Amino acid sequence: MCLSMDFLEGLNPRQKEAVAHVEGPLLVLAGAGSGKTRVITHRMAHLMAAHRVPGWAILAVTFTNKASGEMRDRVRTLITGNVAGADSLPTVATFHSFCVRLLRREGAPLAEVRPGFTPLFSIYDDDDQLSILKSVYRQLGLDEKFLAYRAALSRISHAKSHKETPEDLARNATDPVSTRLAVIYERYQTRLLESNALDFDDLLLEAVRLLAHDRLTREKLNRRYEFLMVDEYQDTNRSQYELMRLLSSERGNVAVVGDEDQSIYGWRGANIRNILDFERDFPGAKTIRLEQNYRSTKNILEAASAVVANNTERIGKWLWTESGAGEKVTLYEAPDAENEALWIADTIEAHLSRNPQDRAAVLYRTNAQSRQIEEALRRYGRKYVVVGGFSFYQRAEVKDVVAYLKALVSPQDSISLLRVINTPARGIGRTTVEQIEQYGLAHGLSLWAALERMLEERAFPARAEAALSGFHRMMSEMATGVESRPIAETLRAVLENTGYRTMLEEEGTQEAQGRLGNLDELLNAAVDASERGETVRDFLDHAALVSDADSVDERAPVSLLTMHNAKGLEFPVVFIAGLEEGLFPHSRSLDSEMGMEEERRLCYVGMTRAEKRLYVSWARSRRRYGGGQPEASIRSRFLQEVPPALLEKARGQRGQVDLYAEQHMVRETARKNLYTGKTYNSVENIRQFFAGGAQAAAPGAAKPAAVPHVVPRPVTPIRKKTGVGSTIEHVKYGRGTILKLEGSGEDAKVTVNFPGYGLKKLVAKYAGIKIE
DNA sequence: ACTAAACTATATTTC
DNA sequence: ATAGTTTAGT
């Protein structure tokens with residue numbers, strides 16, 4: 001009476017074959033839009049239903065939190081009620097979150113090879129990495145002219161992921177820069193060790209190290225995970241490859257899904273050879289090609305395929321589709337970048353007014369390109385969402401407050417402490433801080449330990465001493481019991497006790513108000529996290545591992561994003577802007593064939609995002625930055641690679657004059673209608689960063705209401721009694737109606753609409769609202 | 001010792 | 001355009 005459903009039904013023969021595969025290595029070459037997520041999820045369900053594999057014995061690894069959240073949801077939907085006796089779900093995680101979990105739970109043995117390591121390690125993001133590097137440079141008396149921070153970091157990262165120690169680097173160095181780099185690398189690594197911190201590379205590396213050296217842990221995991229699946233295999237790097245091998249070493253049941261034509265992260269260490277050489281690395285591997293595309297029209301598919309066909313590093317596929325030819329790819333040649341942006345906005349306007357249900361995306365090579373397009377859209381009063389760029393969690397105020405949390409949880413975390421020691425300004429100046437750093441360096445102490453020792457020794461002048469002992473006391477007080485206290489509680493204490501909130505309130509600028517809004521939203525996220533039972537650790541892990549791609553709201557009518565961020569997404573209407581030599585393909589990739597092929601793959605990724613309509617554009621002139629002179633540009637070679645028969649010039653070729661007139665008209669309308677377009681960094685998105693849990697996305701978790709409409713608005717405490725549906729008085733923003741009330745008492749969350757200011761979600765306790 | 005204004009060198013993509 | 005750094009002023 002088993003209600004096992006047939007998960008092979010409704011699949012094409014190739015997909016069926018992939019889903020039905022059970023034992024042994026499997027390579028699924030899944031072209032763009034060929035239903036690879038479907039294959040992965042169905043395979044998991046099929047294993048559970050037809051082969052009685054328990055969910056916990058399956059591990060699937062994806063690249064973004066968003067992808068793993070979606071995959072988890074889809075598997076859940078598939079098996080719920082359809083698979084008898086399925087009481088556990090497969091583990092779906094990103095490589096990074098999997099490693100973090102592993103290291104926190106089973107990482108203790110690493111202390112043997114990594115002195116001072118504890119499972120309470122901090123995670124350092126690139127900002128933190130940068131601070132370390134700056135400090136190392138200072139220590140070594142170097143400056144950026146010698147070697148740019150970014151360059152140094154990427155070389156360190158490269159060395160790390162190839163398991164090269166500073167000594168290896170020094171030995172193989174053939175030039176003075178490399179010799180010096182070895183020293184920088186050595187110091188950098190020492191700092192991480194001293195701070196008990198891991199950078200992104202370390203998360204993978206140390207997980208590999210743990211599994212390679214600790215037989216028990218390896219065997220335990222191998223026993224547990226009978227089946228391993230890896231999504232986006234073309235973007236795995238060496239550590240990820242090794243991790244995968246270690247996890248599947250006993251059974252060899254590893255299924256990888258990928259597309260060599262979509263390998264676009266070579267610069268981040270991804271090794272395209274992983275996918276190209278899979279059959280060699282895993283003898284007896286079965287290879288299945290998914291070549292039927294279900295996404296795009298024939299014209300779009302052929303155009304994209306024609307471009308990528310110019311690459312040599314391919315296994316080779318030819319995608320086909322049963323769908324109709326559709327429209328041709330529209331090409332627009334703009335006189336300059338502003339005109340290009342206006343044309344895009346204009347065309348979006350025209351398209352969406354005819355097809356209001358369609359979603360459009362504007363893709364570009366560099367984030368800097370978004371500005372002009374945003375401006376153009378704003379002139380039309382068209383709502384849009386920008387993905388990436390300056391995202392929420394990278395904002396200074398969020399990073400500051402998060403740094404406080406990190407410092408409280410891990411006193412050894414000197415980088416975080418350094419970040420907050422004089423933020424807000426509390427009279428602990430640069431010289432004082434440098435003294436403490438020096439002392440720490442000399443005595444092998446963390447910043448915090450050095451500070452304590454120096455206070456004991458009364459090593460500071462009176463003024464500094466007062467400031468420092470005050471700081472020390474404040475931090476110690478907040479740190480006690482931090483692991484057991486609700487996150488929001490600690491967060492609130494940080495905001496109040498450190499004077500951070502006061503600092504922003506006193507600033508009084510529009511910008512400061514926005515920052516306050518962001519912090520309120522962070523507080524909301526913290527409350528949500530507590531409700532999900534997360535510890536401060538979990539919260540911080542989450543904050544460290546969210547990515548821009550996780551914040552994509554597919555329901556947005558208009559999205560602006562880089563082609564990198566667009567991977568895995570699809571849109572009825574797609575624009576690709578800035579198809580110019582030097583921009584796309586980017587100038588940094590011009591000189592190497594490898595780089596050029598990656599750019600071409602990026603182009604392929606961009607084009608294949610489109611379902612119905614693809615527009616490509618370039619500008620004859622563009623200025624590199626602000627005051628610079630406009631420079632003439634040459635149309636991208638990728639445009640030449642599209643067969644002319646598939647291209648058509650933008651109809652009517654709206655000239656400058658039309659656009660110019662329109663621009664004025666539109667400006668007027670926008671002025672009258674009160675601009676509502678801007679959603680960039682909107683606080684509404686913030687919850688998503690934290691909500692789509694790396695660990696536990698709640699089933700059918702309510703996503704924040706569609707697309708944000710409003711610029712972040714200041715919120716000051718509301719001191720008035722409130723109830724559901726009633727009106728409350730806001731100190732600055734007047735009356736607002738409570739639209740929604742979640743929970744009760746001081747933990748209640750209310751959604752308030754302030755006319756003219758928009759929706760605001762508040763937590764009663766922290767906003768000073770009393771719910772009767 | 002800190003702040004604010006002036007100056008200058010600066011942009012690829014990001015887990 | 002903007003972030004980061006230097007300089008002058010408090």
Side-chain angles (χ1 to χ4, degrees), chain A residues 61-68 93-100 123-127 129-131 134 138 143-145 148-151 153-154 157 161 198-205 232 235-237 239-240 263-270 363-372 375 387-391 393-394 396 422-435 460-461 463-464 467 507 541 544-551 561-567 578 582-590 595 598-599 601-603 605-606 622-628 694:
Chain A
V61 190
T62 63
F63 261 74
T64 63
N65 294 304
K66 182 163 182 278
S68 51
T94 64
F95 270 111
H96 291 273
S97 66
F98 178 80
C99 290
V100 169
I123 300 170
Y124 277 1
D125 63 15
D126 34 328
D127 232 41
Q129 291 180 294
L130 208 62
S131 318
K134 281 177 183 167
R138 228 179 301 132
D143 74 76
E144 231 194 324
K145 286 195 200 81
Y149 298 135
R150 292 274 160 223
L153 278 176
S154 95
S157 166
S161 49
L198 305 184
D199 64 18
F200 285 129
D201 292 320
D202 284 343
L203 292 177
L204 303 171
L205 239 40
E232 307 280 14
D235 288 325
T236 49
N237 64 21
S239 316
Q240 289 161 335
S263 166
I264 55 174
Y265 285 107
W267 51 273
R268 210 171 66 192
L363 312 183
Y364 35 79
R365 177 66 237 264
T366 67
N367 280 306
Q369 286 168 259
S370 76
R371 226 165 272 283
Q372 270 180 321
E375 210 165 285
V387 178
F390 246 10
S391 46
Y393 69 99
Q394 291 171 337
N422 199 35
T423 316
R426 50 173 71 88
I428 304 173
R430 211 182 61 200
T431 24
T432 311
V433 174
E434 266 168 22
Q435 268 174 39
F460 300 105
R463 257 175 88 134
E507 210 177 298
D541 286 350
L545 297 179
V546 284
S547 69
D548 290 334
D550 299 332
S551 75
L561 62 170
T562 61
M563 279 171 277
H564 282 93
N565 268 328
K567 195 167 70 146
L583 184 59
F584 189 35
H586 196 272
S587 51
R588 301 251 174 151
S589 311
L590 250 35
E598 184 153 310
E599 294 287 310
R601 291 191 290 267
L602 190 56
C603 185
V605 167
R622 183 184 298 271
R623 55 185 93 222
R624 278 191 76 76
Y625 43 70

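Everything numeric in this text was worked out from a predicted model, so none of it was measured. We name chains A, B, ... by the order of the sequence lines, and we start the count at 1 in each one.
Rounded to a whole Å, the NZ atom of A/K134 is 8 Å from the C1' atom of C/dG4. Computed from coordinates, the A/K66 NZ to B/dC15 P distance equals 13 Å when rounded to whole Å. Taking atom CG of residue A/D235 and atom P of nucleotide B/dT13, one finds them 17 Å apart after rounding to whole Å. Separating the OH atom of A/Y149 from the P atom of C/dG4 is a distance of 10 Å, rounded to the nearest angstrom. Straight-line distance from the CZ atom of A/R426 to the P atom of B/dA1: 16 Å, rounded to whole Å. Whole-Å rounding puts the A/F584 CZ to B/dT12 C1' distance at 11 Å. Between the C1' atom of B/dT14 and the CG atom of A/D201 lies a distance of 12 Å, rounded to the nearest Å. Counting to the nearest Å, the P atom of B/dC15 and the CG atom of A/L198 are 18 Å from each other.
Residues A/V605 and A/I264 are in side-chain contact: their nearest non-hydrogen atoms beyond the backbone lie under 4.5 Å apart.
Where stacking is scored as ring centres under 5.5 Å apart with planes under 30°, A/H586 registers as stacked on the base of B/dT12.
Using modelled atom types, one finds a donor on one side chain and an acceptor on the other under 3.5 Å when comparing A/S157 with A/D201. Between A/S547 and A/D550, the side chains place a donor N or O and an acceptor N or O closer than 3.5 Å (distance only, hydrogens not considered).
With distances taken from any side-chain atom of A/T431 to the nucleotides B/dA1, B/dA11, B/dT13, the minimum falls on B/dA1. Considering only the side chain of A/R268, B/dC15 comes nearest among B/dA11, B/dC15, B/dT13.
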Please enumerate all protein N or O atoms sitting under 3.5 Å from an N or O of nucleotides 3-7 of chain B, with distances to 0.1 Å.
none

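Contact annotation: A/S547 side-chain N/O to B/dC15 OP1/OP2 distance is under 4.0 Å. One finds no side-chain N or O of A/R588 lying less than 4.0 angstrom from the OP1 or OP2 phosphate oxygen of B/dA11. Look at A/N367 and you won't find any side-chain N or O under 4.0 angstrom from OP1 or OP2 of B/dT12. A sub-4.0 Å separation between OP1 or OP2 of B/dT12 and a side-chain N or O of A/S589 is absent.
Residue contacts for A/I428: at a heavy-atom cut-off of 4.0 Å it reaches the sugar-phosphate backbone alone, with no base atom in range. At a threshold of 4.0 angstrom between heavy atoms, the contacts of A/F63 are confined to the sugar-phosphate backbone, with no base atom among them. Residue contacts shown for A/R430 are limited to sugar-phosphate atoms, with no base heavy atom under 4.0 Å away.
The base of B/dT13 sits with one of its N or O atoms less than 3.5 Å from a complementary donor or acceptor on the side chain of A/R365.
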| message | Let's go through A/V433 and A/N422 carefully: what are the C-alpha distance in whole Å and the side-chain angles of both, what is the deciding distance for side-chain contact (heavy atoms from CB on, under 4.5 Å) to 0.1 Å, and is it a yes or a no? | response | CA-CA 9 Å; A/V433 174; A/N422 199 35; 5.5 Å; no
Can you list the steps and then say if A/Q435 with A/T432 is a side chain to side chain donor-acceptor pair (under 3.5 Å)? CA-CA 5 Å; A/Q435 268 174 39; A/T432 311; 5.6 Å; no
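The six-membered or imidazole ring of A/W267 lies away from that of A/H586, with a centre-to-centre distance of 6.0 Å or more.
For A/R138, the CZ atom counts as densely surrounded, since its 6.0 Å shell holds more than 12 non-hydrogen atoms of other residues, nucleotides or ligands.
Aromatic ring orientation, A/H564 versus A/Y265: tilted (interplanar angle from 30° to 60°).
When the P atom is compared between C/dT6 and B/dA11, the two are found 16 Å apart, to the nearest whole Å.
Across the interface with DNA chain B, nearest-nucleotide mapping of A/A148 and A/H96 shows A/A148 to be the residue nearer the 5′ end.
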